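Only one structure is covered here, and it is reproduced in the block below.
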Amino acid sequence: MLNSMAGLVEAQQIISVSESQAKDSMQWLATRAMQEVPAVYQGDKDWGDTKRIWAGVRAKFDGLKLKTHRRFKEVNHGRWIRYEIKLPDVNTPHAATTTIQSAKLTDDDRWQIGSITESTMHFMAKVEHWNYGIKLYSVTVTGHLRVQLQLTSTIGLYLDYTEVPPAVVAEPIVEGAKLTLASFEIDRVSKIGGDAAEAWGEVMQEVIVERFIESQNDRIVAKLNQAIEKKRDKLRFSWSMLLNH
């Protein structure tokens, strides 16, 4: 086992590459990163909530004795939210754009690269406000938003001499990632006025920022590095491809 591992290390040799070659190698990682964000994100908050209220007294005679029974019923109550966020197909033109922000060569001949990938997403949210069975308003909001995925990664390129000619193997590691809301625009609001005017602003904060953005940030680094491990076969290039850059 140890001999085979040693042979594998000897069969691979780190190579020095230019900054532009390292940046080109990051394009795959940036595209893959956006693929790890859910294409469709659906959910709801308090949708269908009810409240138990008093509904009067039922009385009946049992012989000469009057018996009463208090009645209750469940009625719609509270603010209901239902939402859907869609990411466009990353393979469509201009679905996502990647900008390299920084590139620095480390002491072990790996490139540390900072990048920002920006993509447009579409969203729909429906808000209904009920007060003890009476619907105060129902508003549907549609629009689009731009999210930014900031990545800090290191990448090394190695020659694998187990193949002839040797293959170039890219070894990226995601060190940090953060998804942020860059901007949003409301395309259509089905109803506006009164409390409904404030509803969509609260939806943006609660649904998009808290439920979507922040939930992704909790686990995105681990998800990206797991995706890299599963796609090792796609991180091998021919020597001629590298020379052409």
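By convention here, the first residue in the shown sequence is residue 1. Worth saying up front: this structure is predicted, and the values here are computed from it rather than measured.
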Would you say the side chain of [Y] lies within less than 4.5 Å of the side chain of [X], judging by non-hydrogen atoms?
X	Y	result
N76	K135	no
H77	N131	yes
S153	V174	yes
F123	I186	yes
V127	V141	no
R110	I173	yes

What distance separates [X] [atom1] from [Y] [atom2], expressed to the nearest 0.5 Å?
X	Y	atom1	atom2	result
E74	K51	CD	NZ	9.5 Å
N225	I220	CG	CD1	11.0 Å
H144	S183	NE2	OG	7.0 Å
I155	E171	CD1	CD	9.0 Å
E128	L136	CD	CG	11.0 Å

Backbone of R79 reached by a side-chain donor or acceptor of H129 within 3.5 Å: no

Under the side-chain hydrogen bond (donor to acceptor under 3.5 Å, both in side chains) rule, collect the residues that match up with [X], sequence neighbours excluded.
X	result
Q42	E84
H122	none
T106	D108
Q226	none

Partner set under ring pair (Phe, Tyr, Trp, His ring centres under 6.0 Å) for W130, not counting sequence neighbours: W80

Worked check of side chain to side chain contact (heavy atoms under 4.5 Å, CB included) between I81 and D46: CA-CA 7 Å; I81 300 176; D46 302 328; over 6 Å; no

Partner residues of E214 under the salt bridge (Lys or Arg N to Asp or Glu O under 4.0 Å) criterion, sequence neighbours left out: none

Derivation and outcome, side chain to side chain contact (heavy atoms under 4.5 Å, CB included), residues T120 and R146: CA-CA 4 Å; T120 299; R146 292 194 70 81; 2.3 Å; yes

Cluster link Y83 to M124, ILVMFWY, side chain under 4.5 Å: no

Common cluster, M121/I116, ILVMFWY with side-chain heavy-atom separation under 4.5 Å: no

